[in-house]
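Below is a structure I'd like to ask you about.
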Amino acid sequence: MKKAAKWKYGLMATTVLLGTVLSACTSETQTQPKSTDTPKTEPADAKSREIRTLQILSRPQASAPDEYERANLIAGAMKELGINAEIKAMPYEQQSDIVWYKRDEWDMTGWQMAARPERLDPDEFVYNLFHSSTAKDGYNFIGYNNPEYDKIAEQQRITVDREERKNLIFKAQELIASDVAYLFNVHPKLKYVYNHQVFDPNSVVEMAGMGIRNIWTYLNAAPIGQQKNMVLNSNDSVQALNPFYISGSFDSWVTELIWDRLMRIDKDGLPKPWAAESVTWKTDTQIEIKLRANMKWHDGKPVTAEDVKFSYEAPLTGEVPMYKPFVEIIDKIDIKDPLTLEFTLKRPWAAFETASLSKLNLVPKHIWGPIIEDLKNKPENAESYQEKTPIGSGPFKYENWKFKEEVVLSANTEHFSPPKIEKWIMREIPNTEASLGMIENGEINFLAVFPGDGQLLQQKVEASPNLTMVTTTDLGFQFFAMNHRRPPFNDVAFRRALAAAVDRDMMAQVVYKGFAEPGDSVISPALPIWKNPSLPYPSGGVEEAKKILQEAGYEWDAAGKLLYPAGKKEELGK
Amino acid sequence: MGNRSKFIWSRLAQMVLTLWIIATILFFIFRLMPGNPLVAYIDPTFTKEQQDILMAQFGLDKPLWMQYLIYLANLVQGELGDSFKFRAPVMEVIWGVLPNTLYLMLFSFVIAYLVGILGGVLLAWKRKTRFETIGIIATLFTRSAPQMWVGMIVLVIFSFHLNWFPSGGASATGVVYASEWEKLTSLSFLKHLFLPSLTAAIYLMGLPLLLMRSNMLDVMGESYVEVARMRGLSEQRIMLKYAARNAALPVVTAMAVGIGYALGGNVVIEMVFSWPGLGRLLVNAVSASDYALAQGAFILSAAVMVIMNFVADILYSFLDPRVTFGKGR
């Protein structure tokens with residue numbers, strides 16, 4: 001009890017402290033606008049038209065220094081436009097609670113999308129993030145609503161022809177940019193380090209938007225010395241090793257190695273047949289899948305079409321809720337022969353290969369069939385079932401899991417694409433500085449997570465004779481979301497002005513010390529297939545921003561504060 | 001004797017009341033905390049249907065008072081529920097890391113109290129010498145040095161520079177132990193245990209040392225020590241057999257309570273040395289709004305603390321005959 005109380009007080013004290021530091025910082029960095037920029041005379045109704053102090057939610061400096069610094073830069077730019085902004089720092093849990101469950105109550109918030117293989121297809125970002133149907137309780141928490149956009153987002157889903165779909169994705173990006181749906185900041189650079197005295201540098205594979213930490217590296221990395229194991233770090237717990245549960249990101253690093261999928265995302269970002277020998281689209285809704293012959297589960301039993309059918313139908317039973325969205329489109333699955341299946345879709349889905357065929361784990365029916373049957377009579381579902389020894393058919397076999405310590409996998413030499421390393425070991429190391437020491441002294445030989453300073457890491461690597469660092473532009477991106485439900489953000493001119501005022505190049509250089517690329521889209525420049533290179537995203541700095549505001553009818557009072565256009569009032573109070 | 005059993009019974013009743021109050025506060029404290037367990041699942045593919053399923057699974061779809069009653073009823077039966085995050089029984093999750101926390105704490109307590117008690121005797125013995133001055137300053141320094149900082153220094157020196165000890169975790173990479181006993185007696189485990197224990201002990205030894213010293217000074221003024229001196233016993237014998245034995249009593253209490261307190265784990269040390277213990281688990285549980293796990297772990301450490309306090313009280317009545325049981329107390 002004493003501990004709990006202590007913790008609470010600590011939290012309170014930290015919050016208060018942060019608040020104080022915060023207000024000190026913001027008042028320091030935000031300079032008063034020059035009075036020459038603003039008209040001397042003041043409209044008569046200035047008081048009621050004055051824009052309230054806008055709140056920017058951010059994680060605290062201690063846990064997300066880059067987000068907090070970007071919030072400061074944005075608040076500074078707003079101040080120059082005559083807008084008062086106040087940064088409210090809070091833990092991610094509290095921030096996401098407000099953003100997700102109190103959709104009418106926030107103004108701006110820092111947010112981010114992380115790189116994941118299935119996100120190499122633009123569908124998830126283009127549809128789920130901005131389609132109006134997800135505004136109420138889905139991921140469109142900003143409340144973006146543009147019927148023209150909705151149509152394009154729907155159309156790209158069902159357009160299987162890649163060229164045609166590319167045009168739609170380009171158009172979608174154009175609308176997001178000109179509407180300034182998000183205040184884009186940067187695509188950070190992923191930075192991974194490996195020991196080149198352990199692994200042949202030519203055998204390490206860089207994946208578009210994902211960097212060198214990927215399954216192709218694990219499969220291909222060739223040991224050149226005594227050390228045959230790959231030892232990498234994680235900084236949080238593995239929660240579960242379950243093919244039917246999408247949980248923490250470290251869990252997925254492990255599960256994708258134990259369990260195979262019909263297709264896998266290749267290093268260029270496109271899906272390629274994997275456990276399937278071939279994937280043939282007969283029509284827009286009919287896909288024939290031929291399995292590789294002689295595949296075996298880790299317990300020695302053969303992989304059959306029955307297993308595949310089971311893997312795709314289990315999520316429909318309600319016992320595997322998290323995978324349901326990726327199979328709901330399937331109308332039926334027919335087994336043609338022991339190695340051939342035909343999938344029939346309810347309607348075309350362009351992202352089916354990436355979002356479904358490359359995402360669902362192939363699961364042995366002889367193990368999970370009885371478990372799912374048993375769960376049907378119980379309140380729990382498959383997510384809370386943990387196998388003692390997880391059995392898949394993937395290139396690595398489960399060997400051991402020491403909770404909060406390490407996961408050990410060993411190479412499956414019978415796999416059709418056997419790894420060259422003997423073991424894959426992930427050690428949980430929450431201390432970032434220690435992980436740096438460990439990659440230097442060889443306790444780990446692949447630095448898979450490093451949340452610290454990129455410049456520091458680079459210096460360390462350059463000073464070390466055995467380390468190589470590979471940086472890759474992230475598929476994910478960092479941004480600030482604006483609540484389109486609330487004025488002044490419901491006015492596109494206001495959003496455009498903000499976008500123009502925010503200096504994204506400076507963010508990349510100052511906040512990320514060059515380890516980032518300025519962003520203007522949900523699609524990363526790492527993906528030239530989908531990225532629209534010429535987007536109408538506003539830029540030009542504070543001067544341009546003021547021009548946009550003036551043209552839209554905004555005015556300034558005698559003190560330089562921004563006022564709504566004539567006829568509009570501040571309705572949300574101060 | 002009647003007084004003693006009456007005392008024990010009333011202390012037991014107090015304990016139950018205390019635990020009930022703690023359980024109640026814990027229940028509400030986590031539910032009043034901003035954020036809820038679902039935010040951990042927020043994802044572009046996260047649908048309303050999935051949210052409802054999760055809420056029902058976690059039992060959060062019921063009204064708060066009903067959740068509270070279910071929670072109390074389960075608690076009485078020793079059932080702590082399932083962790084939201086790890087999707088496994090809370091006891092199982094805690095049990096996965098509890099032994100590590102116990103090893104770390106017991107080992108560091110043994111070092112700290114051995115060094116502390118002997119150091120306290122020595123400082124009292126060498127009263128008013130330069131040795132005492134330096135000793136006290138050094139103790140105050142180790143007691144007030146942040147553990148984070150001490151830990152990093154220890155790590156840099158012994159692990160990264162001298163390469164004598166591994167820098168993190170509780171066992172060597174890829175090693176599997178057949179049993180807890182094999183683990184406890186393996187050199188590799190002891191090597192992993194050493195640096196975090198040392199860091200914890202550097203902090204912990206301050207309390208017994210200073211406590212012992214001041215008790216010794218009190219006791220040394222007592223007449224029975226004078227008498228022993230008059231009998232011509234050696235100074236060493238007087239210090240260790242006569243003075244130290246009595247002076248050690250409050251230190252025993254401090255240790256009992258300290259162990260209870262330490263069961264909650266040491267977050268800082270566990271973070272610095274990547275030690276798979278309860279402290280880190282608790283931080284995870286709280287930040288993920290994993291109510292069941294956080295409640296369970298806190299209840300457990302609170303219970304141990306309350307029990308250790310109780311044990312210290314009872315123990316005292318045996319160790320020190322001067323402690324009597326007044327009316328109803």
Side-chain angles (χ1 to χ4, degrees), chain A residues 1-4 7-8 90-94 96-98 100-101 113 124-125 128-129 134 136-139 229 231 236-237 239-240 242 245-247 321-322 324-326 379-381 383-386 399-400 402-406 408 423 425 427-431 433-434 437-438 440-441 443, chain B residues 18 21-22 25-26 29 34-36 38-51 53-54 57 82 85-88 93 96-97 152 155-156 159-160 163 166-171 173-174 176 261 264 270-274 276-277 280-282 284 286-289 298 301-302 305:
Chain A
M1 169 51 230
K2 221 167 187 172
K3 281 226 117 166
W7 186 87
K8 273 302 226 207
M90 53 183 72
Y92 170 74
E93 292 74 23
Q94 191 181 349
S96 44
D97 192 50
I98 295 174
W100 195 263
Y101 296 104
M113 299 305 306
E124 188 176 314
F125 285 169
N128 298 46
L129 268 44
T134 65
K136 191 165 158 280
D137 39 36
Y139 212 91
N229 301 337
V231 187
D236 199 0
S237 314
Q239 298 169 23
N242 182 329
Y245 179 28
I246 305 175
S247 43
M322 287 210 180
K324 203 171 166 189
F326 314 108
E380 303 94 68
N381 61 33
E383 289 170 5
S384 48
Y385 188 88
Q386 179 62 53
E399 193 171 306
N400 191 37
K402 268 186 273 182
F403 185 52
K404 279 199 133 347
E405 221 182 325
E406 64 178 13
V408 182
K423 284 181 184 179
I425 301 170
R427 302 270 288 172
E428 186 177 334
I429 301 155
N431 181 348
E433 285 74 26
M438 287 167 147
E440 278 188 287
N441 73 4
E443 280 180 83
Chain B
T18 313
I21 293 172
I22 291 171
I25 294 176
L26 278 177
I29 219 168
N36 83 41
L38 293 199
V39 301
Y41 299 91
I42 290 180
D43 187 272
T45 59
F46 195 41
T47 61
K48 182 80 178 82
E49 189 192 356
Q50 288 171 346
Q51 296 174 36
I53 292 174
L54 278 173
Q57 237 176 46
D82 284 355
K85 187 174 171 181
F86 298 105
R87 300 294 169 94
V93 177
V97 293
M152 284 309 288
L155 204 56
V156 167
S159 186
F160 295 138
N163 260 320
S167 55
S171 57
T173 307
V176 185
Y261 191 79
E270 289 180 6
M271 287 297 256
V272 171
F273 294 97
S274 308
R280 264 168 61 206
L281 187 70
L282 268 181
N284 285 167
V286 170
S287 63
S289 294
F298 276 117
S301 52
M305 222 156 93

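Note on naming: letters A, B, ... go to the chains in the order of the sequence lines (proteins, then strands), and numbering restarts at 1 for each one.
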- prompt: With only heavy atoms counted, which part of A:K402 is less than 4.5 Å from chain B, the side chain, the backbone, both or neither?
  reply: side chain
message: Just so I know, are the side chains of A:M438 and A:V231 near enough to count as touching, which here means a heavy-atom distance under 4.5 Å?
response: no
query: With respect to chain B, which residue among A:N242, A:V408, A:N128 yields the maximal number of heavy-atom pairs within a distance under 4.5 Å?
result: A:N128
statement: The side chain to side chain donor-acceptor pair (under 3.5 Å) partners of B:Q50 (sequence neighbours excluded) come to none
- line: Looking only at A:F326, A:Y385, A:Y245, most heavy-atom pairs under 4.5 Å shared with chain B are made by A:Y245
- prompt: Does the B:S301 side chain pair with the main chain of B:F298, one donor and one acceptor, at a distance under 3.5 Å?
  reply: yes
message: Quick one about A:S384 and B:D82 (side-chain donor to acceptor, distance below 3.5 Å, no hydrogens or angles considered), yes or no?
response: no
message: Let's test your reading of the structure: which of A:K136, A:Q239, A:Q386 forms the most heavy-atom pairs below 4.5 Å with chain B?
response: A:Q239
task: Heavy-atom distances under 4.5 Å only: say whether A:N441 touches chain B with side chain, backbone, both or neither.
output: side chain
Atom group of A:Y101 that falls short of 4.5 Å from chain B, counting heavy atoms: side chain
message: Between B:Q57 and A:E383, is there a side-chain heavy-atom distance shorter than 4.5 Å?
response: yes
field: Side chain / backbone / both / neither for B:A88 at chain A, heavy atoms under 4.5 Å
entry: neither
- prompt: What residue, out of A:E124, A:K324, A:K404, A:M113, has the most heavy-atom pairs lying under 4.5 Å from chain B?
  reply: A:K404
- prompt: Considering only heavy atoms from C-beta outward, does the side chain of B:E49 approach that of A:P321 to under 4.5 Å?
  reply: no
- request: Considering only heavy atoms and a distance below 4.5 Å, find which of B:A288, B:G169, B:S167 pairs most often with chain A.
  value: B:S167
task: Check each atom of B:V156 against the heavy atoms of chain A and say whether the ones under 4.5 Å are side chain, backbone, both or neither.
output: neither
query: With a 4.5 angstrom heavy-atom cut-off, which part of B:L281 approaches chain A: side chain, backbone, both or neither?
result: both
query: Where on A:E428 is there a heavy atom nearer than 4.5 Å to chain B: the side chain, the backbone, both, or neither?
result: both
Closest contact, heavy atoms only, A:E406 versus B:T173: OE1-CA, 3.6 Å
field: Side-chain donor or acceptor of A:E399 paired with backbone N/O of A:K423 under 3.5 Å
entry: no
- request: Before accepting this row, confirm whether a basic side-chain N of the pair B:R280/B:E270 lies closer than 4.0 Å to the acidic partner's carboxylate O.
  value: no
A:M322 portion near chain B, given a 4.5 angstrom heavy-atom threshold: both
task: Could you check B:L155 against B:F160 for side chain to side chain contact (heavy atoms under 4.5 Å, CB included), going step by step and ending with a plain yes or no?
output: CA-CA 7 Å; B:L155 204 56; B:F160 295 138; 4.0 Å; yes
- request: Check each atom of B:S171 against the heavy atoms of chain A and say whether the ones under 4.5 Å are side chain, backbone, both or neither.
  value: both
- prompt: Can you say whether A:L129 sits under 4.5 Å from chain B via the side chain, the backbone, both, or neither, judging by heavy atoms?
  reply: side chain
